[in-house]
Novice: 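I am attaching a structure below and will ask some questions about it afterwards.
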Amino acid sequence: MAEKSTSVNSIKPGTRVRVRFAPSPTGYLHVGGARSALFNFLFARRYGGDFLLRIEDTDRSRFVEDALTEIYDSLRWLGLDWDEGPEKGGPCASYIQSERLDIYNEMADALINTNFAYPCFCTAERLAEVRAEQEKSGGATGYDRHCRELPAGAVEENLKNNVPHVVRFKIPLAGKVEFDDLIRGKIEYRCDVLDDFVLIKTDKFPTYHMANVVDDRDMKITHVLRGDEWIASTPRHVLLYEAFGWEAPAFAHLPVILAPDGGKLSKRKGAASVMDYKRAGFLPEALFNFLALLGWAPGDDREKMSVEELTAAFSLEQVSPKASVLDEKKLEWMNGLYMAERPSESLVEEVLPAWKERGWISDSRSTIEHAVKVIDLLKVRSRRVTELIDSAACFFVDPTEYEEKAAKKHFNAEAAQRLSLISGELETIDDFAHTKLEELYRNISESQSIPIGSLIPQTRLAISGVTNGPGLFEMMEAIGKENVLRRISTVIKMLS
Ligand code: GLU
């Protein structure tokens with residue numbers, strides 16, 4: 001692919017790209033958030049920049065206690081390690097907004113001094129009354145700017161008396177605010193649709209707008225890549241940058257992710273947390289690849305791409321402004337590809353705890369070796385780790401039931417006799433390797449004139465209880481001679 005001109009992504013020559021993922025710890029990291037983090041990560045890696053993690057925890061009422069650890073764990077599990085941020089540090093520490101309150105309050109004072117902001121002493125009751133009035137008259141709702149032009153003396157008096165107040169931004173009364181979105185192009189808002197939003201709340205905590213802008217500036221963020229739902233906040237941010245006299249970063253709002261049926265993502269429809277995907281048996285590398293393709297494409301027909309390939313190909317130019325649909329079938333398909341190529345040794349830790357819990361396996365060295373063999377056989381036919389876990393039963397425990405339809409067909413009149421014959425032959429071989437087993441079955445088939453295609457499903461059903469699974473001879477090797485013979489003998493007894 002041709003090298004992208006960096007100007008398209010608005011990287012100024014000589015500037016180091018710095019991007020951030022800035023989650024609010026109001027819940028777990030879900031796919032939408034993970035996709036934003038991932039695009040930031042790829043963008044930073046693509047242009048040799050820095051990927052920061054910043055925690056936007058200034059809305060204390062929505063703070064969820066264990067959200068932070070879960071966010072960190074989810075990002076790390078996906079391989080989205082941050083260059084600067086919590087638990088890592090960096091030149092702009094702290095990266096947690098609740099630890100930076102002084103900075104925001106200082107900055108708000110600066111805006112009051114330059115007449116871009118003002119303290120507002122309106123009580124919650126008054127605001128509610130204003131709102132009710134506005135709703136009754138059917139007009140636009142929003143702060144009526146009551147405190148915007150309070151006489152200096154009154155302000156001073158109130159401040160001296162510690163009257164609770166917020167700090168509000170003075171939206172220009174006319175004109176418009178515009179910005180270039182790297183994905184959607186020019187976006188314009190009329191100032192008269194924006195109200196004098198709050199910068200600092202009565203508890204001295206900043207609002208999202210204030211803290212976000214101050215930190216992006218302080219942390220030298222060059223590009224803000226975030227979900228579409230933040231687009232309506234951007235005009236406020238742009239006005240704040242102007243008021244401070246700062247240059248705004250470049251903005252890129254990522255397309256909405258829709259549920260498989262085209263509706264909104266919800267807990268029931270795809271909006272699961274990253275850790276839910278882990279628990280559902282997906283591999284991080286598959287989820288990584290899948291998320292990268294939610295709204296972005298390399299511009300050729302590649303779909304399965306490694307982190308390195310994704311990094312080399314990523315650019316904002318190829319991010320579509322159109323909504324993308326979360327197709328779980330595609331994720332499963334992709335996960336299957338990654339399962340097949342994962343070294344079995346590395347899948348052991350994913351499956352062993354579940355197998356142990358079911359009492360199928362213990363901890364000894366030989367069981368690990370056995371587990372690796374089983375995984376070798378199953379991983380190529382499993383779309384999820386959970387599927388691999390479940391389908392392994394026959395390698396560890398004797399079947400207690402047999403597929404009904406298949407049993408009718410294969411456990412027929414000659415079955416007991418044939419299985420006895422096979423069992424007798426199996427007794428004679430010491431090397432229970434799949435190649436030897438195959439040879440043996442071919443010989444039986446020839447000498448007895450029984451098609452091998454009817455011998456195989458019969459044995460398979462007898463030793464596993466089901467008719468599908470990996471190659472029979474590999475499976476027999478992994479199950480082991482003693483177990484195979486016992487299982488066959490159980491069926492013979494059952495049939496006679
Ligand atoms: N704290 C916001 C969130 O939870 C960040 C939005 C942004 O990236 O500016 O998504």
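Order of listing sets the numbers, starting from 1, for every ligand and every atom in it.
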Novice: Relative to F63, does R60 satisfy both conditions: NZ or CZ under 6.0 angstrom from the six-membered ring centre, and within 45 degrees of the ring's axis?
Specialist: yes
Novice: Looking only at heavy atoms, what is the nearest atom pair of L182 and H223, with distance?
Specialist: CD1-CD2, 3.9 Å
Novice: Any idea which protein heavy atom is nearest atom 5 (C) of ligand 1, and the distance to it?
Specialist: A22 O, 3.1 Å
Novice: To the nearest 0.5 Å, how far apart are CZ in R358 and CZ in F396?
Specialist: 10.5 Å
Novice: Of all the atoms in ligand 1, which lie at a distance below 4.0 Å from a heavy atom belonging to N212?
Specialist: 7 (C), 9 (O)
Novice: Would one find more than 12 heavy atoms of other residues, nucleotides or ligands at under 6.0 Å from atom CD of E247?
Specialist: no
Novice: Suppose we measure from atom 1 (N) of ligand 1 to each protein heavy atom; which comes out shortest, and what is that distance?
Specialist: E56 OE1, 2.6 Å
Novice: Near E65 CD, under 6.0 Å, is it more than 12 heavy atoms from other residues, nucleotides or ligands?
Specialist: no
Novice: Name the closest protein heavy atom to atom 3 (C) of ligand 1, giving the residue it belongs to and the distance to 0.1 Å.
Specialist: W230 CZ2, 3.3 Å
Novice: Check whether the side chains of E328 and Y277 place a donor and an acceptor atom closer than 3.5 Å, and report yes or no.
Specialist: yes
Novice: For ligand 1, does V224 get within less than 4.0 Å through its side chain, its backbone, both, or neither, judged by non-hydrogen atoms?
Specialist: neither
Novice: Among protein heavy atoms, which sits nearest to atom 4 (O) of ligand 1, and what does the distance come to when rounded to 0.1 Å?
Specialist: S24 OG, 3.1 Å
Novice: Check whether any heavy atom of Y208 sits under 4.0 Å from an atom of ligand 1.
Specialist: yes
Novice: Does R20 come within less than 4.0 Å of ligand 1, judged by its heavy atoms?
Specialist: yes
